[in-house]
Amino acid sequence: MARSNKHVTHASKSVPAAKETQDTTGSWGDWFVFVLGWGFIRLVLLFPYAIRLHMMGAFIRWIIGPLAGYRERAEANLSYIWPELTDTKKRQIANQVLRNSGRALIENFDLNEQKQRSSKAHIHGPGLEAIDQAQAQGRAVLLISGHFGNYTAIRSAIAARGYEVAALYRPWSNAYLNKHYMNHFGTGLGPAFPQGRRGTMGLVRHLNSGGVAAILFDVYDSAGIKINFLGKPAPTLTSAADIALKTNALLVPCFATRAQNGVDYDVCYEDPIAHTTSETMMIEITQCLETRVKEHPDQWFWVHRRWKPKRQERRQRKEAAAKMGPKSGA
């Protein structure tokens with residue numbers, strides 16, 4: 001049953017829309033890329049939903065992925081984590097990852113339709129009832145996920161139940177493309193805030209008013225604590241746990257797994273993470289994502305640099321040298 005939330009509605013009005021604060025200027029090169037890119041996206045959006053997903057998936061898998069080196073990077077990450085995999089298996093996973101990222105990209109340019117489809121999707125898990133109870137009590141809810149399946153589906157599925165769901169997003173380097181992407185990213189779901197101090201403050205205000213928000217955590221950050229992910233240390237920020245503790249938000253791990261047909265999703269909202277310490281909470285969340293990736297390795301975004309082992313090694317050497325300090329004279 002769909003529900004409305006007066007707290008979230010108030011928050012979305014009181015916080016300035018992120019798109020109003022974004023720089024929309026860029027170079028002539030950016031403009032040229034925008035004309036080509038946005039023109040292609042507009043063309044693909046003319047096709048029926050399932051066909052456009054297939055088209056964009058094939059475009060990223062066969063053209064952009066190999067040319068930009070994304071397939072090679074995905075295979076390198078797979079070799080780092082699972083060196084026992086055959087080259088053929090790594091290539092299969094990498095190709096499917098690229099195809100899935102293309103589908104997710106074009107889905108995110110039509111979130112209204114994704115929201116409508118999410119209302120008919122298989123949405124389940126113990127977290128659903130916990131979310132409804134928290135919202136009925138005026139308590140904030142922070143949905144947390146990783147770059148798995150299409151993470152915006154977890155947001156649209158809850159929005160389809162009558163809630164506005166705020167989100168943080170990473171601005172594109174191309175200001176023109178970013179403007180259009182942001183316009184679509186916030187359509188019909190709730191306010192969208194750019195990553196950074198100002199955006200995080202907007203998200204916190206939204207939660208302090210009793211709203212629902214979604215956030216991703218599985219990105220490399222040298223300032224993060226080292227948490228093992230798939231057997232290797234991955235610097236991880238505790239921001240999500242910190243925000244949940246600060247706002248007393250219910251913290252719910254959730255994942256949208258793409259179905260075999262490449263169009264639909266299974267959206268699961270897991271048991272909420274207990275409020276303990278930031279580090280303990282992030283370890284538990286990482287383990288939730290790890291389980292999903294092991295079950296469906298082709299649905300996690302192996303393209304991004306999650307571990308950066310060489311950078312970690314250099315940082316360790318510098319820290320060790322700093323601890324030793326200059327040798328004293330005889």
Side-chain angles (χ1 to χ4, degrees), residues 1-19 108 111-112 114-119 121 123-146 148-170 182 184-195 199-217 239-256 265 267-275 281 285 288-289:
M1 179 177 178
R3 294 168 172 82
S4 62
N5 189 308
K6 63 181 181 180
H7 301 286
V8 180
T9 301
H10 172 73
S12 64
K13 291 181 179 179
S14 61
V15 180
K19 63 183 179 182
N108 292 350
L111 293 185
N112 272 330
Q114 188 185 98
K115 179 180 175 181
Q116 294 173 9
R117 298 181 69 87
S118 293
S119 64
I123 305 171
H124 61 102
L128 273 179
E129 184 177 355
I131 291 169
D132 289 340
Q133 289 178 351
Q135 285 289 278
Q137 298 166 1
R139 184 183 180 187
V141 175
L142 183 57
L143 309 175
I144 184 164
S145 191
F148 182 89
N150 186 348
Y151 44 87
T152 61
I154 66 169
R155 186 174 170 227
S156 59
I158 288 296
R161 292 170 65 86
Y163 299 119
E164 282 191 336
V165 188
L168 285 176
Y169 77 98
R170 176 175 293 183
M182 218 298 299
H184 288 268
F185 191 73
T187 301
L189 303 185
F193 304 100
Q195 288 182 354
T200 301
M201 289 175 61
L203 191 82
V204 169
R205 286 197 297 269
H206 181 87
L207 290 170
N208 278 332
S209 70
V212 182
I215 194 171
L216 303 179
F217 78 97
S239 304
D242 295 337
I243 291 172
L245 291 171
K246 180 177 181 179
T247 61
N248 191 36
L250 186 75
L251 187 59
V252 182
C254 38
F255 304 95
Y265 285 98
V267 188
C268 181
Y269 298 85
E270 300 186 359
D271 284 310
I273 300 294
H275 284 202
M281 294 165 72
I285 293 165
C288 290
L289 175 60

Which heavy atom in [X] sits nearest to a heavy atom in [Y], and how many Å separate them?
| X | Y | answer |
| --- | --- | --- |
| Tyr269 | Ala157 | OH-CB, 3.3 Å |
| Leu203 | Ala166 | CD1-CB, 4.1 Å |
| Gly146 | Tyr151 | O-CB, 3.6 Å |
| Gly210 | Gln135 | O-NE2, 3.0 Å |
| Ala274 | Met281 | O-CG, 3.4 Å |
| His206 | Val212 | NE2-O, 2.9 Å |

Any heavy-atom pair between the side chains of [Y] and [X] that's under 4.5 Å?
| X | Y | result |
| --- | --- | --- |
| Gln114 | Asn108 | yes |
| Leu250 | Pro272 | yes |
| Arg161 | Ile158 | yes |
| Tyr163 | Val141 | no |
| Ile154 | Val165 | no |
| Ile273 | Pro253 | yes |
| Leu207 | Asn248 | no |
| Ser145 | Phe255 | yes |

Report yes or no: does Arg117 contribute a side-chain atom to a donor-acceptor pair with the main-chain N or O of Tyr265 at less than 3.5 Å?
->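 The answer is no, because no donor-acceptor pair under 3.5 Å joins these two groups.
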Is the backbone of Ala249 close enough, under 3.5 Å, to the side chain of His275 for a donor and an acceptor to pair up by distance?
-> yes
Identify the residue among Leu143, Leu168, Leu251 that makes a side chain to side chain contact (heavy atoms under 4.5 Å, CB included) with Ile215.
->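 Only one of Leu143, Leu168, Leu251 forms a side chain to side chain contact (heavy atoms under 4.5 Å, CB included) with Ile215, namely Leu168.
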How many angstroms lie between atom [atom1] of [X] and atom [atom2] of [Y], to the nearest 0.5 angstrom?
| X | Y | atom1 | atom2 | value |
| --- | --- | --- | --- | --- |
| Leu128 | Gln133 | CG | CD | 11.0 Å |
| Thr152 | Lys115 | OG1 | NZ | 13.0 Å |
| Arg155 | Glu164 | CZ | CD | 9.5 Å |
| Leu216 | Ile144 | CG | CD1 | 8.5 Å |

